[in-house]
Amino acid sequence: VNGELETILRAGFSNARAIEPSDADIARVLARAQRRRGRWRWRLGRGPTILLAGAALVLGAGAAAELISRDTEIDEHVRNQGPFKSSGEAALDRLIARARTKAKFAPLADTFSIEARQDSPDGGLDWALIVWRSETGGWCHAAARQGGDKVGVVREDGRFVEFPFHEGNACTPGPLAPDEASFTTNTYAGGPTLVHGVAGRAVASIEVDGLPGVTKLAVTDRGAFLAVIPQEIRDPTLRLVLVLRDGTRRAVGRP
Amino acid sequence: LDPLDSATLARALAGERNAREEIARRACTLALRTATGVLGAREDARDISQDVGVDVLRELGKLREAGAFDAWVHRITVRRTMRHLRRRRLREWREPRTPDDAPERADPGAPTGSPERVALELALARALAELPARQQLAIVLRYMHDLSEAQIADALKCAPGTAAALLSRAREQLRRDPNLQAMTGDAQ
């Protein structure tokens, strides 16, 4: 009887196990999460809000001082590293060490490289494009902030956190054809919007349509490209035109 | 569902929209499945899943590591579902249902498929509705999400032994359910 009940329970939930929320539901959740951030202020009333704001100001000043000193520390660290190449190599060493211990996504450790680097529009840590190969022969790419010998992101609360971005990012399933490109966009709240990817070896340059102030993307020797646009562009519709070395052109759509 | 990776979590914490959407989708999917299993009614489950999605996005900074994401979502879902069940029971206490009223679990996620499958899902939904809330949740977490007793205990915020007891008692009652007993031949 016990075995039969187990079978019934598993069979009875098999349809529900495949239920997915709709795109409209997800859009509603994202909008509500954004909206609810501002609501508490008005619920409290003026007096408590002023008191809380005063307390927050005092605490915030302390936190800001801490963050500024931390940022300065990172900037100082970058400067002390001297030219970009040395700090880039230090960051790569850390990635390679992690890649060796994390076999799940099977990156080829000796293929990591920082292919491009751009100033951050907000004056903070630079954006770096990291490219590597997977064991399937595919190309993977990720854009992250680089602070000294660390790569990661600056959280919304201002903290810089290192992360093993090679665990999950844009990868082509296999080798890239010479006249193909793989790209992705990352849109951060309040900006910037990043466009990054890798192109096959026949691609000489990339023309882009749909990005304010950017019409052409430089391609590195390994075919990588990175654009950092200061604005937040929601759902960017991009059209890239790959200009091949033989002069032919090939359009690719949004990621 | 593929496990959430720490890169997506970090990008979401930095405010990256695609990553936030991925996080919201994963949280809502887990919550929607659990809530549908317990409540049956699709609209209520949808409301709960959206509330869970909003909670997750707002509290994301509290999550220490991506590997703990699912367990965290299950805890929030349990809290939200229990609250919903309490309100539903209070409503039913104030306005008792008459025998002519359609049962609230009459639409257990709009079952589809063969007549046998639909009958099985309806029988299971009705049998589950007779269980206490924590037993319902324990059964759904076990058979919908394949959680272990320790993971169920974490979601229900109880000791592993208590989770095992909840499951045991729930199975015992389900085993005695006449509609489910009639189904044993069809479920193979």
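Lettering of chains follows the sequences in order, A, B, ..., and the numbering in each one begins at 1.
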Heavy-atom pair with the smallest gap, counting every atom of B:Arg58 and A:Ala33: CG-O, 4.0 Å

How long is the span from the [atom1] atom in [X] to the [atom2] atom in [Y], to the nearest 0.5 Å?
| X | Y | atom1 | atom2 | answer |
| --- | --- | --- | --- | --- |
| B:Ile23 | A:Ile26 | CD1 | CD1 | 11.5 Å |
| A:Asn15 | B:Arg33 | CG | CZ | 11.5 Å |
| B:Asp55 | A:Arg32 | CG | CZ | 8.5 Å |
| A:Ile233 | B:Arg17 | CD1 | CZ | 12.0 Å |
| A:Ile8 | B:Leu124 | CD1 | CG | 8.0 Å |
| A:Glu162 | B:Ser6 | CD | OG | 11.0 Å |

Side chain, backbone, both or neither: which part of A:Arg17 has a heavy atom under 4.5 Å from chain B?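 Both backbone and side chain.
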
Toward chain B, the part of A:Ala27 with a non-hydrogen atom under 4.5 Å: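 A:Ala27 has no heavy atom closer than 4.5 Å to chain B.
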
Pairwise side-chain contact, [X] with [Y], heavy-atom cut-off 4.5 Å (strictly under):
| X | Y | value |
| --- | --- | --- |
| A:Pro21 | B:Gln50 | no |
| B:Arg25 | A:Asp23 | yes |
| A:Val29 | B:Leu57 | yes |
| B:Leu174 | A:Leu9 | yes |
| B:Arg171 | A:Glu6 | yes |
| A:Thr185 | B:Asn18 | yes |

Can you name the residues that form a side chain to side chain donor-acceptor pair (under 3.5 Å) with B:Ser168, not counting sequence neighbours?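 In terms of side chain to side chain donor-acceptor pair (under 3.5 Å), with neighbours along the sequence ignored, B:Ser168 is linked to no residue.
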
Does A:Ala11 offer a backbone N or O that forms a donor-acceptor pair with the side chain of B:Arg117 under 3.5 Å?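 Such a contact is found between B:Arg117 side chain and A:Ala11 backbone.
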
Just list the side-chain donor-acceptor pairs under 3.5 Å for residues 153-167 of chain B, sequence neighbours left out, or say none.
unit_1, atom_1, unit_2, atom_2, d
B:Asp154, OD1, B:Arg75, NH1, 3.2
B:Asp154, OD2, B:Arg75, NH1, 2.6

Could you name the residues of residues 138-148 of chain B that have a heavy atom within less than 4.5 Å of a heavy atom in chain A? B:Ile139, B:Val140, B:Arg142, B:Tyr143, B:Met144, B:Asp146

Who passes ring-ring contact (aromatic ring centres under 6.0 Å, His included) against A:Tyr188, sequence neighbours left out? A:Trp127

Could you tell me if A:Ser22 and B:Arg46 have a donor-acceptor pair between their side chains, going purely by distance under 3.5 Å? no

Under 4.5 Å, counting heavy-atom pairs only, tell me which of B:Ala12, B:Gly15, B:Ala19 racks up the most with chain A. B:Gly15

